[in-house]
Amino acid sequence: MSELTAMKCEACRADAPKVSDEELPALMRQIPDWTPVVREGILQLERVYKFKNFKSAWAFHGKVAELAEAEGHHPALLLEWGKLTVTWWSHSIKGLHKNDFICAAKTDALLLE
Ligand SMILES: C[C@H](O)[C@H](O)[C@H]1CNC2=NC(N)=NC(=O)C2=N1
């Protein structure tokens, strides 16, 4: 389990630093099941979680929503039959912040609960 899961998100400020190109590879190695994607020019982290049915995906959706509220940092969630797509990025800086990696690692940890 990544050390990221022991960290806490900081408040999202418009002047907060984005994760740099130099920092990105080491952070991505800590969340190997996630993919960096660019949407509307914004770098984001995405993972698709597969489940046996809608109800299981829905239950995980609820856990991720609770995590988001606890961290004060919120993902995009696409709930489908047997799938939940989770996408993290920082709206305030239109890109990736350390918060997004912390939350991606904590999202993975929810699977172990
Ligand atoms: C006021 C509130 O805390 C801010 O709007 C928070 C809410 N959750 C957030 N979530 C994400 N992903 N990015 C943000 O910039 C953000 N800002």
Side-chain angles (χ1 to χ4, degrees):
M1 187 61 65
S2 160
E3 65 189 18
L4 291 167
T5 55
M7 298 179 180
K8 192 91 174 94
C9 289
E10 61 187 52
C12 301
R13 293 162 44 113
D15 62 351
K18 286 182 183 174
V19 166
S20 68
D21 293 345
E22 293 73 27
E23 294 168 319
L24 192 62
L27 285 167
M28 287 309 305
R29 280 193 293 275
Q30 295 187 59
I31 49 167
D33 295 316
W34 290 74
T35 304
V37 297
V38 177
R39 287 210 179 86
E40 297 175 16
I42 299 173
L43 186 57
Q44 306 172 350
L45 298 173
E46 191 156 293
R47 182 177 177 181
V48 178
Y49 294 88
K50 302 286 182 67
F51 297 93
K52 62 183 179 183
N53 53 35
F54 185 82
K55 195 167 183 179
S56 302
W58 184 10
F60 189 65
H61 175 278
K63 287 184 176 181
V64 179
E66 285 177 27
L67 166 66
E69 276 299 290
E71 294 292 335
H73 198 67
H74 303 83
L77 298 171
L78 175 58
L79 176 59
E80 302 170 90
W81 192 99
K83 284 169 60 175
L84 180 69
T85 302
V86 183
T87 309
W88 290 102
W89 78 98
S90 293
H91 313 152
S92 53
I93 60 173
K94 293 183 171 55
L96 289 180
H97 183 275
K98 184 76 171 285
N99 287 348
D100 300 303
F101 292 85
I102 292 168
C103 287
K106 288 188 172 186
T107 306
D108 285 344
L110 292 175
L111 283 174
L112 309 177
E113 287 185 356

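Remember, it's 1-based here, ligands and their atoms both numbered in the order they're listed. This one's a predicted model, so the numbers in the text were calculated from it and none came from an experiment. In what follows, residues are counted from 1 in the order of the sequence shown.
Residues Thr85 and Leu77 form no side-chain contact, since every pair of their non-hydrogen atoms from C-beta on lies 4.5 Å or further apart. Side chains of Val19 and Leu43 form no contact here, defined as non-hydrogen atoms less than 4.5 Å apart.
Thr107 and Trp88 share a donor-acceptor pair across their side chains, judged by distance under 3.5 Å alone.
Considering both main-chain and side-chain atoms, His91 comes within under 3.5 Å of ligand 1 through a nitrogen or oxygen pair.
Of the possible polar contacts, none joining the Lys106 side chain to the Ala68 backbone as a donor-acceptor pair under 3.5 Å is found.
Considering only non-hydrogen protein atoms, atom 6 (C) of ligand 1 sits nearest to Gly72 O, 4.0 Å. With respect to atom 10 (N) of ligand 1, the closest heavy atom belonging to the protein is His74 N, 2.9 Å.
Residue contacts with ligand 1 for Ser92 involve both N, CA, C or O and side-chain atoms from C-beta outward (heavy atoms, distance under 4.0 Å).
With values rounded to the nearest 0.5 angstrom, Glu113 atom CD is found 9.0 Å from Phe60 atom CZ.
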Original post:
What do the steps show when you test Phe54 against Leu79 for side-chain contact (heavy atoms from CB on, under 4.5 Å), and what is the final call?
Top reply: CA-CA 8 Å; Phe54 185 82; Leu79 176 59; 3.7 Å; yes
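At a distance under 4.0 Å, no protein heavy atom can be found next to atom 3 (O) of ligand 1.
Every atom of ligand 1 with a heavy atom of Trp89 under 4.0 Å away is listed here by number and element: 11 (C), 12 (N), 13 (N). Atoms of ligand 1 lying under 4.0 Å from any heavy atom of Ser90, numbered from 1 in the order shown and given with element: 13 (N).
When the options Cys9, Cys12, Ala16, Cys103 are ranked by their closest heavy atom to atom 16 (C) of ligand 1, first place goes to Cys12.
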